[in-house]
Student: 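My questions will all concern the structure given below.
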Amino acid sequence: MPHLHEWSPALRQSLPHLVLGDAPTPVRELPAFADGVNGIWLKDESGFGNGGWGGNKVRKLEWLLPDVKRRKRKTILTFGGLGTNWGLATALYAREMGIHTALALIDQPRDEHVEAQLERLRASGATIHFTRSKNRTVLLAPWLVARHMSGPRPPYVLPSGGSSPLGALGYVETAFEIAAQVKSGELPEPGYVVVPAGSGGTAAGLALGFAIAGLPVQTVGVIVTEHLKLDDAAIGRLARKSAALLRERGADFPEPQLNLEMTGQWLGDGYGTPTAESERAIELTRQSGLELDPVYTAKAMAALLARSRAGDFGSRPVLFINTNGPR
Ligand SMILES: Cc1ncc(COP(=O)(O)O)c(C=O)c1O
């Protein structure tokens, strides 16, 4: 499968893409876990991004930042929790292109991890609005837009996690990359690909990309937040909007058959609140040489380990995507 932007001249012209990280990102088999789970492969996105940090956020920004530029917007307005990785990646990568970022942040449980992240957000130069809850953010939205006008131009408004149909293209491309790694023999064909879902763009993009590439793999999105609707229907809709965007811009492919399962079973008490399983997953995975973050990847790995132990994945290899790219 060619890179998305090399797919057709029309696509390249109408969907500008900025290279912000080195691809393909590496894949490797994890050593057997201490509790006996094996056959788990890792695609490590943690080093993706200039300076080797950013993870899955940067894949989306590769498509989003050129669009911000093309529309001549000076400010991005986007959303997240107090410890938003997405907000930090946006603020820092946009700043390099002379674009300012404004963040509207809702509360999440404050721990050391979140306090450290807030410090980084403050240092990033982003304007921060503590809007506290989703409802207050919605009520304040017109004020936020007015506050961040640059002359006649409104800010470029991005949903939390950058999971717009355009942002999700980052993971359509990553699915093509995985298909190429399977083809070259670097990676056995996985039966399942497990990812955390915070706003769903990663899961939607992967499911669409695998469908287009013809790789019969099931994308399992492990929901880590109660603030957004991230069920099969919602993520399927996002994937189909990305497909429509590609088609509008000249890509030609049959109606994609999405093989996608979103599960909310591992969320526990909510976004940012650890569970016994996620804490155990951090410990077990550390012994395999991989550092998980508590909010996203730990819950996804908890789901993977439990389902693997239960025999849900059969004998097919399982691919875990490490979406975290800590700074
Ligand atoms: C480490 C990590 N994993 C996963 C996600 C969620 O990805 P998505 O928003 O595409 O569902 C995020 C979002 O910020 C993240 O920081």
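Order of listing sets the numbers, starting from 1, for every ligand and every atom in it.
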Student: Checking T78 side chain against L158 main chain: does a donor-acceptor pair fall under 3.5 Å?
Tutor: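 Judged by distance alone, yes, a pair lies under 3.5 Å.
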
Student: According to side chain to side chain donor-acceptor pair (under 3.5 Å), who are the partners of E277, at least two apart in sequence or on a separate chain?
Tutor: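 Listed in chain order: nothing, the list is empty.
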
Student: Under 4.0 Å, counting heavy atoms only: does G55 come that close to any atom of ligand 1?
Tutor: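 G55 does not count as a contact of ligand 1 under the 4.0 Å cut-off.
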
Student: Counting only heavy atoms closer than 4.0 Å, does ligand 1 sit against the backbone of N85, its side chain, both, or neither?
Tutor: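 Contact part for N85 vs ligand 1: side chain (C-beta onward).
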
Student: What distance do Y93 atom OH and I76 atom CD1 have between them, rounded to the nearest 0.5 Å?
Tutor: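 Going from the OH atom of Y93 to the CD1 atom of I76 covers 13.5 Å.
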
Student: State whether the shortest distance between N or O atoms of A203 and N or O atoms of ligand 1 falls below 3.5 angstrom.
Tutor: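 Checking ligand 1 against A203, no N or O pair falls under 3.5 Å apart.
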
Student: For atom 3 (N) of ligand 1, which protein heavy atom lies nearest, and how many Å away is it?
Tutor: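 Protein heavy atom with the smallest distance to atom 3 (N) of ligand 1: T323 OG1, 2.6 Å.
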
Student: Output yes when a side-chain donor or acceptor of K60 lies under 3.5 Å from a complementary backbone atom of G161, and no otherwise.
Tutor: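 Here the side-chain-to-backbone pair exists.
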
Student: As an exercise, identify every atom of ligand 1 less than 4.0 angstrom from a heavy atom of T202.
Tutor: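 Per the distance check, 7 (O), 8 (P), 10 (O).
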
Student: What I want to check is whether the side chains of S46 and D44 have a donor and an acceptor closer together than 3.5 Å.
Tutor: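 Indeed, the side chains of S46 and D44 share at least one donor-acceptor pair under 3.5 Å.
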
Student: Can you tell me the protein heavy atom closest to atom 9 (O) of ligand 1 and the distance?
Tutor: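 So the nearest neighbour among protein heavy atoms is S199 OG, 2.4 Å.
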
Student: Is there a side-chain contact between I321 and T174, using heavy atoms and a 4.5 Å cut-off?
Tutor: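 I321 vs T174: side chains apart.
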
Student: For atom 15 (C) of ligand 1, find the nearest protein heavy atom and state the residue, atom name and distance (0.1 Å precision).
Tutor: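 Scanning the protein heavy atoms, the shortest distance from atom 15 (C) of ligand 1 goes to K57 NZ, 3.3 Å.
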
Student: Is any side-chain heavy atom of R327 less than 4.5 Å from a side-chain heavy atom of L92?
Tutor: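 With C-beta onward as the side chain, the pair touches.
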
Student: Backbone N or O of M97 within a donor-acceptor pair of the K69 side chain at under 3.5 Å?
Tutor: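 Yes; at least one donor-acceptor contact below 3.5 Å.
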
Student: Between N56 and ligand 1, which residue portion shows a heavy-atom distance shorter than 4.0 Å: side chain, backbone, both, or neither?
Tutor: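 For N56, the contact with ligand 1 is made by the side chain alone.
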
Student: Considering the heavy atoms of A197, write down every atom of ligand 1 situated less than 4.0 Å from one of them.
Tutor: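 Matching atoms, with element in brackets: 11 (O).
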
Student: Return the option from G80, G170, G198 holding the heavy atom at the smallest distance from atom 6 (C) of ligand 1.
Tutor: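 That would be G198.
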
Student: Run the contact test for T297 against ligand 1 with a 4.0 Å cut-off on heavy atoms, strictly below, and give the result.
Tutor: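 T297 does not count as a contact of ligand 1 under the 4.0 Å cut-off.
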
Student: Please determine if N324 has a nitrogen or oxygen closer than 3.5 Å to a nitrogen or oxygen of ligand 1.
Tutor: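 Checking ligand 1 against N324, no N or O pair falls under 3.5 Å apart.
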
